[in-house]
Amino acid sequence: MVELVVTMALRPLVAMLRDKASNYLLDQYNVMEGMEKQHMILKRRLPIILDVITDAEEQATANREGAKAWLQELKKVAYEANEVFDEFKYEALRREARKNGHYKKLGFDVIKLFPTHNRVMFRHRMGSKLSRILEDINVLIAEMHDFGLRQTLLVSNQLRQTPVSKEWRQTDYVIIDPQEIASRSRHEDKNNIVDILLGEASNADLAVVPIVGMGGLGKTTLAQLIYNEPEIQKHFPLKLWVCVSDIFDVNSVAKSIVEASPKKNDDTDKPALDRLQKLVSGQRYLLVLDDVWNREVHKWERLKVCLQHGGIGSAVLTTTRDKQVAGIMGTDRTYNLNALKDNFIKEIILDRAFSSENKKPPKLLKMVGEIVERCRGSPLAATALGSVLRTKTSVEEWKAVSSRSSICTEETGILPILKLSYNDLPAHMKQCFAFCAIFPKDYKINVEKLIQLWIANGFIPEQEEDSLETVGKHIFSELASRSFFLDIEEFKGDMEDQQYCFRTTCKIHDLMHDIAMSVMGKECVVAIKEPSQIEWLSDTARHLFLSCEETQGILNDSLEKKSPAIQTLVCDSPIRSSMKHLSKYSSLHALKLCLRTESFLLKPKYLHHLRYLDLSESYIKALPEDISILYNLQVLDLSNCYYLDRLPMQMKYMTSLCHLYTHGCPGLKSMPPGLENLTKLQTLTVFVAGVPGLDCSDVVELQHLNIGGQLELCQVENVMEAEAKVANLGNKKDLRELTLRWNSVCNSKLLENFEPHGELQILKIHSYGGECMGMLQNMVEIHLFHCEGLQILFRCSAIFTFPKLKVLMLEHLLGFVRWWEIDERQEEHTIFPVLEKLFISNCGKLVALPEAPLLQGPCGEGGYTLVHSTFPALKVLKMKNLESFQRWDAVKETQGEQILFPCLVELSIEKCPKLTALPEAPLLEEPCSEGGYTLVRSAFPALKVLKMEYLESFQRWDGDAVEGTLFPQLEKLSVQKCPKMIDLPEAPKLSVLKIKDGRQEISDFVDRYLPSLTNLILKLENTETTSEVEHTSIVPVDSKEKWNQKSPLEVMKLRYRNLFFGSGALEPCDYFVHLENLEIDRCDVLVHWPENVFQSLVSLRTLLITNCENLTGYAQAPLEPLASERSEHLRGLECLYLQNCPSLVEMFNVPASLKKMVIDRCIKLESIFSKQQGMAELVQVSSSSEADVPTAVSELPSSPMNHFCPCLEYLRLVGCESLPAVLNLPASLKTLGIDGCSSIQVLSCQLGGLQKPEATTSRSRSPIMPQPLAAATAPTAREHLLPPHLKRLIIRDCVGMLGGTLRLPAPLKGLRIIGNSGLTSLECLSGEHPPSLEYLDLEKSSTLASLPNEPQVYSSLGYLEIRACPAIKKLPRCLQQQLGSIDGKNLDACYKVTEFKSLKPKTWKEIPRLVRERRQACRS
């Protein structure tokens, strides 16, 4: 990387020191008594230094070493001086609290809290520190003259430098949409890569496609476009995105991939690579690895081994700057990203440099071409340079920028331009951005928390007209407009999520992150995995981010040797044990800990300077009372501390507190008294109204506090005179969201006259007991939950409207009958003109939607039709559990007239038993593909998703049953339990159709969707059928010749219907070449394995056949080719499930690609992998009385049938009562479960390609000796040969199994044997490493008598169960010794007495007695 020369942001640090030295509190509480002279000298010296900082920074930029050294020393002295004046300020705050009686309230020895704050001691100690600071500053001033540093005329302006004007800020986010311009400029690149990925659909090997290009060229943006492309979204069921960046730790990357999936909470106790393999196994996925730097081949190969378990067509898309990285990933699909064309670079620069069309001076426009050349096709460089030019208005300034910006080259990349962009920032913005080096690359930063961290560290200059938070927001907006921050996202959470969910997040481009790191050097330390033994925490470290295991151990070890003045400590992983060296945290300004302990681990007496404390999601039950001595604390985040039951009673003395987050703390029952003293409080997310008394706050204490953002008032029933107090909350001008929560429904008229101020946007009400509410016409969102007494939403005497309301949620309003009560009908007045989302559930008395006013809609040849529409802007409508709902309009006279939902995209109707039809559809114009328009009848012209479930009376898709009802945009239709529905509507774009428990007649309409469907689930009711042709095929006979194209169907699940079997089915063809998942349920016409059908399903990955009572398996017309050729059918099949097929006798030749097989309740099945020869001899052994007579299984035929399923990893057999043996178990098998297979006598692994063990008897314990394959014999009937890679084995109720020994392979982790199986002993394989079991479960086995006596077998046991096994008289000695360390145990009483306890004698005389007790236990 090219060395970056960026100016140090020291001016804000020195200016902050100047402001602290002039703080009024120092004089008010006389904390500098006896130090007045030094204080005055210091205040005179600081402006002298500020005068020359600009010159020093310019000289440092020019690589003058003297200036660099002077600035480094100045930084060190400024930090020390700031800490000194922090101590002066804290002393002032301490004296103020003492004056207000805090000491008396604490109620314990305050000398322990303030050991050094005796006035005489304090003066002496601080006087010495101040004198040293003054000496250092005098030396710096002397050196300043020696270096010839000169004053600059810009100083007076820069001292009070403020963020840019609001005129600029207001255009920040409308300047340009990066995704929009990228979608145009990279359209061809996107299509090329999409074609590559889709072209790998039938490729069994993992496809890796690296995008290679210079930093800042837009590789990640291109990958995002590809990732979000509809074709990609549809093609890959599983999509994952992970940013890798500098460190390619295989386990960390695997963990990140898993955590990017919906199954991130599954198997969290297992190794990351195992979880990854399970996640992708059998699934076609797209994984994006963004910003890869790894050049170590073995690391990529380790990760690739797991990734290759994905389904056919899986792909990895990577972005990297390094061509060598692309080569290492072993691919010939590398996509080299070219520079962006000049016309797009010019567009970016113009949009960034000029705020509007009216501000583009011609002289400046002429210079744009020169700037374009310097960018060399990099959109990031264009954005950065354009942002710099936005603040320049003259030709001279543009020329200066152009001359200072180096042309991008292959060697330097765009770093010189980014450096120029950083150096152009005002000083305080440099400091704010450089601090962001504390976050790892690609970290999602919470913007609100970032601004609070800036404030806590003193990075934001104070201004008279704006609060620090407001200034911080302006700084962030300006930095974002200059592209220092990207991927800015706003989250509001789900509608049903009642947590504090408003937040904005952002990220930093990795090149910008490099700039920040180069500025901060060793001041910022980021550890996202355990640091190596090399020194990682220097004495100059001030800001730490830790996200690794054993964080507390790393901190404890590091602070034992060093004492850095840490100002920011962010621990992003849980702290589970105590922290040491607590006094070394005394310089902290900001601290984030996630404690997995009940108590607070640090001591407040060492945290006097703390401004920011984040303990969110900790397990603490309470904070210590002495935390109230943190007089500087501005932010206290206790959100989601589930076990927290109280706040400190003396919190009222924490007068600097601005933000208190208490949401997600259900244990809180009240708030501490005196909150009205916290006059700076701006955020209080939850206020819990306690039972009125002396020990808790009343809501009235919030009256004069300027609370903003979100506030939830809990236990409203405890509030006295609630109406006036709640009205006061509703009138707080900065409050945007108010939640009122009663614990139970009780009589109340609190909200009948509630009319909050116009700035309140969101109102959430829980368990309100009143009958109606006041007018809430300025609300943007209204949420009502469990307001069971509410009968009328709104009562008004005149026509009204909700001009801003976008979300309305009504849940569990049991008494809700009418929407409103007004004196006149609003025929032409729209009540909800902008409502976008409406949720109604459990409103049992609601009969209809609100009255629909008349609107004019277009109707062919320039004419119009009159239609009704209550919700002209509605996009989402969900209705559930509405027992009385039956009409789409509240006015009965409207029934039969046409109703329109013009913008509705998603409609869900569940459990509305009286609803009989959708509204009557009006005639609308619909554009034709050939041009022009056609008239269609549709009430939902924009609907894409329709869900209808448990509608007992629903019969018609149109209120008037007009033919030709159309859903022109519908993509997903789900119907379940609608017993009177007999047809389906026209929907030409339908891609997903799900019918569950539908009538047989519905299947007659499915064929109209086949050309567009990708997912079909058709599970019909069971009715008596008379014609196989009529009732078994969903494709009419007369239309089969039309299907000469390939169907896009990928998933098909059929019950009582099929496309393949019986005389009315389709002939095998290439129509379903894309089908990947096929489920057939209750298909009585399926009798034989349809090998001709299998031959046509070339893409099938998963096959499930269940409840097919007539399936026997014997081929109807056996094919002549060899078995090896026949096994080529379903070549990509990976998962096979056969369930409850009672007539099935024989399996088809399963393909080599199979990874998982489950056979359940196939009671006549005789073989799985091949004809099981040698069974006659095998069965005869069971009658032999001599246990040591070796009996061999006949040699299996030497054919490819011996080596079935080389990829099979999971096999489960349940209730296969006729299966006599399981021979040829694949060596690849990792999980084997056999349950209720009463006839199985032998388990045998495939021996081809492996060495067979020597035939032994049950008494023999000789080592297994390898022999040539031809000369080897099969294992005896008394020994079952398990696959060598088996990890999990379950044998349950296999009463016919021949007894003898079960030898456990080395990889085995779990063993469960339940019920009689004839087994007599469990042993390790001779000559192999013993297994290390994680769980062992033995139950109800009467013959099992012997367990392995190898210590390693039990060393990792986490669960042990041995019950009702009478032949096991005692446990092996090594297992007895292990019992005390096993967490989960369920043992019969006879085994528990043998558990060893550690020898802990109180005296030496007890040792002989303890030894005797242990020996006696072993003999018993």
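Not measured: the values here are computed from a predicted model.
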Lys76, NZ: over 12 other non-hydrogen atoms inside 6.0 angstrom: no
NZ/NE/NH1/NH2 to OD/OE distance under 4.0 Å, Lys129 and Glu87: yes
Identify whether the distance between the nearest side-chain nitrogen and carboxylate oxygen of Arg482 and Asp424 falls below 4.0 Å. yes
Taking Asn457 for the side chain and Phe459 for the main chain, is one N or O donor matched with an acceptor at less than 3.5 Å? no
Looking only at the aromatic ring of each residue, does the gap between the centers of His543 and Phe435 stay below 6.0 angstrom? yes
Does any part of the side chain of Lys507, heavy atoms only, come nearer than 4.5 Å to the side chain of Phe485, both counted from C-beta? no
Between Glu469 and Lys473, is there a side-chain N and carboxylate O pair less than 4.0 Å apart? no
Using a strict threshold of under 4.0 Å (side-chain N to carboxylate O), is an ion pair present between Glu80 and Arg542? no
Would you call Lys652 and Glu701 a salt bridge, using N to O less than 4.0 angstrom? no
Are the side chain of Ser22 and the backbone of Asp19 linked by a donor-acceptor contact shorter than 3.5 Å? no
Answer yes when Lys441 and Asp514 have at least one side-chain N-carboxylate O distance shorter than 4.0 Å, and no when they do not. yes
Could you tell me if the side chain of Arg611 sits less than 4.5 Å from the side chain of Leu630, heavy atoms only? no
Where does the angle between the aromatic ring planes of His663 and Tyr661 fall among parallel (under 30°), tilted (30 to 60°) and perpendicular (over 60°)? perpendicular
Note: Asp136-Arg45 ion pair, threshold 4.0 Å (strictly below): no
Hey, could you give me the CG/OH distance between Leu93 and Tyr653, rounded to the nearest 0.5 Å? 14.5 Å
Would the distance check show the side chain of His609 and the main-chain N or O of Ser587 forming a donor-acceptor pair, the cut-off being under 3.5 Å? no
Are Leu569 and Lys592 side-chain neighbours, meaning at least one heavy-atom pair lies under 4.5 Å? no
Thr504 vs Ile488 side-chain heavy atoms within contact, under 4.5 Å: yes
Does any non-hydrogen side-chain atom of Leu613 lie less than 4.5 Å from one of Ile627? yes
Considering only heavy atoms from C-beta outward, does the side chain of Leu647 approach that of Leu638 to under 4.5 Å? yes
Could you tell me whether a side-chain N or O of Lys75 sits under 3.5 Å from a main-chain N or O of Leu13, the two making a donor and an acceptor? no
Evaluate the side-chain proximity of Thr505 to Ile445: yes if any heavy-atom separation is below 4.5 Å, no if none is. no
Measure from the ring center of Phe433 to the ring center of Phe484 and say whether it is less than 6.0 Å. yes
State whether the side chain of Gln761 and the backbone N or O of Val780 hold a donor-acceptor pair below 3.5 Å, judged by distance alone. no
Are the ring centres of His102 and Tyr631 closer than 6.0 Å? yes
Residue pair Val77 / Ile133: nearest heavy atoms and the distance that separates them: O-CD1, 4.3 Å
What heavy-atom pair brings Leu657 and Leu660 nearest, and what distance separates the two atoms? CD2-CB, 4.3 Å
Do Lys522 and Val525 have side chains that approach each other closer than 4.5 Å (heavy atoms only, starting at C-beta)? no
Asn632 side chain to His608 main-chain N or O, any donor-acceptor pair under 3.5 Å? yes
